[in-house]
Number of protein chains: 2
Amino acid sequence: MAECCTPLTTEPLTADQAEVLSRRFKALGDPVRLRLLSLIASHEGGEACVCELTVAFPLSGPTISHHLRVLREAGLIEGQRRGTWIYYRVLPDALQTLSQALHPAAALT
Amino acid sequence: MAECCTPLTTEPLTADQAEVLSRRFKALGDPVRLRLLSLIASHEGGEACVCELTVAFPLSGPTISHHLRVLREAGLIEGQRRGTWIYYRVLPDALQTLSQALHPAAALT
DNA sequence: CCCCTGTTTCGATAGCAGTCGATGCAGACC
DNA sequence: GGTCTGCATCGACTGCTATCGAAACAGGGG
């Protein structure tokens with residue numbers, strides 16, 4: 001699974017580690033997805049309904065659904081159906097993994 | 001310039017902030033670029049020559065040069081010519097900005 | 001049971017991104 | 001000065017991606 005908690009600044013990434021990380025960073029490499037993630041994460045209760053997300057952008061429903069799927073398949077969010085609506089929630093571990101990977105590791109003497 | 005030191009988990013990103021951040025994340029969304037960045041950052045002295053980077057991948061010189069340009073234009077690295085060789089160095093502030101943006105902000109009560 | 005709403009999936013299209021070979025440019029060395 | 005090496009840029013090709021409208025699917029309510 002190539003888990004990586006070591007900052008990429010301390011030692012070179014292996015090809016496998018880079019593959020895993022880049023997959024997630026690529027998911028963040030779109031302004032719409034970044035705002036979707038931010039909307040979900042900062043929403044009350046840590047989760048948001050797709051209907052709330054859709055109205056926040058001048059984009060069609062399928063497009064929002066597509067971006068949510070990209071985020072979901074990158075392991076950054078997960079969805080849960082409750083009755084009529086589907087609620088999305090951020091997976092904090094994924095964010096932390098990325099945040100740690102980018103940590104400048106200023107401790108390099 | 002839409003600087004953002006607030007984690008995207010605490011409040012929704014504006015469109016401008018998302019534009020700036022996504023530009024950098026997109027640059028990280030490729031395994032080759034991620035490994036290039038890691039190679040540069042973890043290299044002795046914090047900088048690496050292009051010639052060392054090129055031989056680390058089964059890719060052509062122009063392709064490596066292209067990826068370095070993407071990283072450079074994203075503000076993640078900078079290059080400096082010294083004699084025959086060009087040395088690239090990581091800009092730590094950029095990494096820290098991204099790392100902070102992704103911080104899970106577990107402090108949300 | 002049928003419809004209505006919310007969400008995803010499908011198919012198509014236009015634009016972007018990764019890769020290469022060829023070429024150009026800047027220093028170094030003879 | 002000519003040439004050789006290191007690196008960047010150019011032009012082209014291929015594959016991926018963002019977006020949409022149309023259609024399918026899932027629950028809820030009449």
Side-chain angles (χ1 to χ4, degrees), chain A residues 13 15 18-40 43 47-90, chain B residues 13 15 18-40 43 47-90:
Chain A
L13 291 172
E19 200 71 40
V20 172
L21 281 177
S22 70
R23 186 177 162 83
R24 290 187 170 172
F25 281 128
K26 189 184 299 185
L28 297 178
D30 182 283
V32 174
R33 287 197 288 270
L34 217 43
R35 290 179 67 192
L36 282 170
L37 190 77
S38 181
L39 277 172
I40 297 170
H43 197 269
E47 61 184 11
C49 165
V50 177
C51 56
E52 298 171 295
L53 301 173
T54 303
V55 299
F57 300 88
L59 295 172
S60 70
T63 298
I64 298 297
S65 186
H66 160 70
H67 285 304
L68 287 173
R69 171 150 78 163
V70 173
L71 288 171
R72 183 172 7 110
E73 289 181 346
L76 293 168
I77 62 175
E78 69 176 2
Q80 182 190 19
R81 176 158 222 141
R82 287 209 295 277
T84 305
W85 297 280
I86 297 180
Y87 293 87
Y88 275 95
R89 172 182 334 178
V90 170
Chain B
L13 291 172
E19 200 71 40
V20 173
L21 282 177
S22 70
R23 185 177 162 83
R24 290 187 169 171
F25 282 128
K26 190 185 299 185
L28 298 178
D30 182 283
V32 174
R33 286 197 291 270
L34 218 42
R35 290 179 67 192
L36 283 170
L37 190 76
S38 181
L39 277 172
I40 296 169
H43 197 270
E47 61 183 11
C49 166
V50 178
C51 56
E52 298 171 295
L53 301 173
T54 303
V55 299
F57 300 88
L59 295 172
S60 70
T63 298
I64 298 297
S65 187
H66 161 69
H67 286 305
L68 288 173
R69 170 150 80 163
V70 172
L71 289 171
R72 182 170 11 109
E73 289 181 346
L76 293 168
I77 62 175
E78 69 175 1
Q80 183 190 15
R81 175 158 223 141
R82 286 209 296 277
T84 305
W85 296 281
I86 298 180
Y87 292 88
Y88 276 95
R89 170 183 335 183
V90 171

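Quick note on labels: first sequence line is chain A, next is B, and so on, each numbered from 1.
- The listed nucleotides are D:dC20, C:dT8, C:dC20; the one nearest the side chain of A:Leu59 is D:dC20.
- Regarding A:Glu73, its CD atom lies at a distance of 12 Å from the P atom of C:dT8, rounded to whole Å.
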Intermediate values then yes/no, side chain to side chain contact (heavy atoms under 4.5 Å, CB included), B:Leu76 and B:Leu36: CA-CA 11 Å; B:Leu76 293 168; B:Leu36 283 170; over 6 Å; no
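- The CD-P distance, from B:Glu78 to D:dC7, rounds to 17 Å in whole Å.
- Atom NZ in B:Lys26 sits about 13 Å away from atom C1' in D:dC16, given to the nearest Å.
- Within 4.0 Å (heavy atoms only), A:Arg82 reaches no atom of the nucleic acid at all.
- Residues B:Leu39 and B:His43 fail the side-chain proximity criterion, which asks for heavy atoms closer than 4.5 Å.
- Contacts of A:Phe57 with the nucleic acid, taken as non-hydrogen atoms under 4.0 Å apart, are absent.
- Where A:Thr84 and B:Cys51 each meet DNA chain D at their nearest nucleotide, the meeting point lying more 5' is that of B:Cys51.
- Counting non-hydrogen atoms under 4.0 angstrom, B:Gly61 reaches nothing in the nucleic acid.
- Both A:Arg81 and A:Pro62 sit near DNA chain C, but only A:Arg81 has its closest nucleotide nearer the 5' end.
- Ranking C:dT8, C:dG6, C:dC20 by closeness to the A:Trp85 side chain, first place goes to C:dG6.
- Between C:dA17, D:dT9, D:dC7, one nucleotide has an atom nearer to the side chain of B:Ile86 than all others, and that is D:dC7.
- At distances below 3.5 Å, at least one donor-acceptor pair connects side-chain atoms of B:Thr54 with backbone N or O atoms of B:Val50.
- In this structure, A:Arg72 is not positioned above the aromatic face of A:Tyr88 in the sense of NZ or CZ being under 6.0 Å from the six-membered ring centre and within 45° of the axis.
- Between A:Leu34 and B:Ala18, the shortest heavy-atom contact is CD2-O, 3.7 Å.
- A heavy atom lying under 4.0 Å from DNA chain C marks the following residues of residues 63-71 of chain A, by number: A:Ser65, A:Arg69.
- Pairing each heavy atom of A:Lys26 with each of B:Gly29, the nearest pair is CE-O, 3.0 Å.
- In this structure, CD of B:Glu19 is placed 13 Å from P of D:dA18, rounded to the nearest angstrom.
- What separates CG of B:Asp30 from C1' of C:dG18 is a distance of 7 Å, to the nearest Å.
- As a whole-Å value, the separation of A:Gln80 CD from C:dG6 C1' is 16 Å.
- B:Arg33 contributes no side-chain N or O that, together with a main-chain N or O of B:Leu28, makes up a donor-acceptor pair within less than 3.5 Å.
- Regarding contacts with the backbone of D:dA8, a side-chain N or O of B:Tyr88 is found under 4.0 angstrom from either OP1 or OP2.
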